[in-house]
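Every number for a ligand or one of its atoms is a count from 1 in the order of the listing.
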Amino acid sequence: MIVTPKFRGFICTTAHPVGCEYSVRKQVEYVKNQKKINGAKKVLVIGASTGYGLASRITAAFGCGAATIGIFFERPATKTKTASAGWYNSAAFEKIAKEEGLYAKSINGDAFSNEIKQKTIDLIKKDLGKVDMVVYSLASPRRTHPVSGEVFNSVIKPIGSTYKSKTVDFHTQLISETTIEPASDDEIKQTIAVMGGEDWAMWMDALNKADVLDKNVITLAYSYVGPEMTHSIYREGTIGKAKDDLEATVVKINENLKGIGGKAYVSLNKAVVTQASAAIPVISLYISALFKVMKEKNIHEGCIEQMYRMFSDRIYSGDLKLDSKGRICMDDLEMQTEVQAEVTKLWNEANNDNVKDTTDIEGYRKEFFRLFGFEFEDVDYDADVDIEVSIEGID
Ligand code: NAD
């Protein structure tokens, strides 16, 4: 089949198998060209198929030489429909891991469920015995609670008052004003249930009870703070409440892991283009301005550069450089005063006549399509490709 991008807003419904493999290989190459890390050896990544989770898995495997188990929720191909990007990414990851003699297995299913937790525990017991790192990198619009069966939906809304801001449509590159009404109390509660810390704590509890966590295990989850201009829609909105909950869960998990000397951390990662961030209104304009400034200053990072730096320079460096709230700060470059001052200036200046110059909107658009394996110069998109790709180590 000749695969072309088919998109609606921030969703691309097709993915290119060869392009996704190319993207994963490039990330692997990046890590292999850096210094080896003396770090984790047996790693579980929950949310391992795209974005920060995939980059964490690649860094663990090719930076530390770790055996990895990846959990994700992705769609395999049918005869007529491509698989999701995360499916192709995981197939590529496993293929490359095998080429390099690294253990890699994956479980495709709902990580919020007890069934997938149990399946993961069984696989760890069978193949690895225990794990010494657990990365929790889920981003999901909904969650079925494993005990009550209740279905929760997350929303991205401000709290308390209506939010008005400029935003950009990265396909048409047109700026407009968007208005988002505040969330109800129930919407806040539901967003916390999906993106807060309860499921992370449930995972760590189940893994600990099953005795599959190594002494001194490290577990990580990812959060975001961001600048003042996005606070109303992000950090002080519904998703921010969920992130407050996730960050507070560190204390609970640390208590639970005390007996084995385990430690939980939240890392504040930088804003990047992923399927999850593309769904957040207004963020595309901010990221476009941020990319422009960070690229000009030669400090631009995507997921893989961030995650390699997090492993090498923080987690396994002997100095986590935690902030006053005990968080790892991988957003340090993004949040530099000069960077933010320039981003704010560009944000204020951006309009329909100058958006292509004041921001890196073209870079944003390209990154978006690259998430689905498109827009790589070295990939032949006119070639007929086999869309039915299997993941070798799927359990
Ligand atoms: P992403 O959309 O690229 O990845 C989400 C992952 O979760 C995928 O592997 C997907 O398969 C998996 N997943 C979703 N629902 C699942 C389910 N029910 N069961 C199993 N797997 C499921 O997202 P991302 O942007 O990499 O986000 C990961 C984390 O990083 C989130 O906590 C996010 O808030 C955080 N973060 C993101 C950014 C950013 O700019 N993207 C910045 C800072 C922090």
A.B. asks: Does the separation of the ring centres of H171 and F10 fall below 6.0 angstrom?
C.D. replies: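 For H171 and F10, the ring centres are not under 6.0 Å apart.
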A.B. asks: Under 4.0 Å, heavy-atom basis, I'd like to know which part of A48 is in contact with ligand 1: side chain, backbone, both or neither.
C.D. replies: backbone
A.B. asks: Does I71 reach ligand 1 with a nitrogen or oxygen that is under 3.5 Å from one of the ligand's nitrogen or oxygen atoms?
C.D. replies: no
A.B. asks: State plainly whether the residues E342 and K345 are in salt-bridge range, i.e. N to O under 4.0 Å.
C.D. replies: no
A.B. asks: Please write down residue, atom name and distance for the protein heavy atom closest to atom 31 (C) of ligand 1.
C.D. replies: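 The closest one turns out to be L138 O, 3.6 Å.
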A.B. asks: Check this for me - ligand 1, G109, N or O atoms closer than 3.5 angstrom, yes or no?
C.D. replies: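 Between G109 and ligand 1 (N or O atoms, distance only) the closest approach is under 3.5 Å.
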A.B. asks: Does any N/O atom on A111 come nearer than 3.5 Å to any N/O atom on ligand 1?
C.D. replies: yes
A.B. asks: Give me the residue, atom name and distance of the protein heavy atom closest to atom 42 (C) of ligand 1.
C.D. replies: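 Looking only at protein heavy atoms, the one closest to atom 42 (C) of ligand 1 is K270 O, 3.3 Å.
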A.B. asks: Considering only NZ, NE, NH1 and NH2 on the basic side and carboxylate oxygens on the acidic side, decide whether E187 and K157 come within less than 4.0 Å.
C.D. replies: yes
A.B. asks: Within the structure provided, determine whether R143 and S113 are in side-chain contact (heavy-atom separation under 4.5 Å).
C.D. replies: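 Counting from C-beta outward, R143 and S113 never come under 4.5 Å.
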A.B. asks: Got an N/O contact under 3.5 Å between T50 and ligand 1?
C.D. replies: yes
A.B. asks: Classify the angle between the aromatic ring planes of Y364 and F291 as parallel (below 30°), tilted (30 to 60°) or perpendicular (above 60°).
C.D. replies: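 The arrangement is tilted - the two ring planes meet at 30° to 60°.
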A.B. asks: Taking side-chain contact (heavy atoms from CB on, under 4.5 Å) as the criterion, tell me which of L320, V250, V225, L322 meets it with R327.
C.D. replies: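 Among the candidates, only V225 passes.
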A.B. asks: With heavy atoms only and a cut-off of under 4.0 Å, state how S223 meets ligand 1: side chain, backbone, both or neither.
C.D. replies: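 Backbone only.
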A.B. asks: Over 60° means perpendicular and under 30° means parallel, so tell me whether Y30 and Y308 are parallel, tilted or perpendicular.
C.D. replies: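 Because their plane-to-plane angle is over 60°, the rings of Y30 and Y308 count as perpendicular.
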A.B. asks: Should the proximity of V272 to ligand 1, defined as any heavy atom under 4.0 Å, be assigned to the side chain, the backbone, both, or neither?
C.D. replies: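 Both backbone and side chain.
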A.B. asks: Judged on heavy-atom distance to atom 33 (C) of ligand 1, which of M307, R143, K243, M330 sits nearest?
C.D. replies: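 Heavy atom nearest to atom 33 (C) of ligand 1 belongs to K243.
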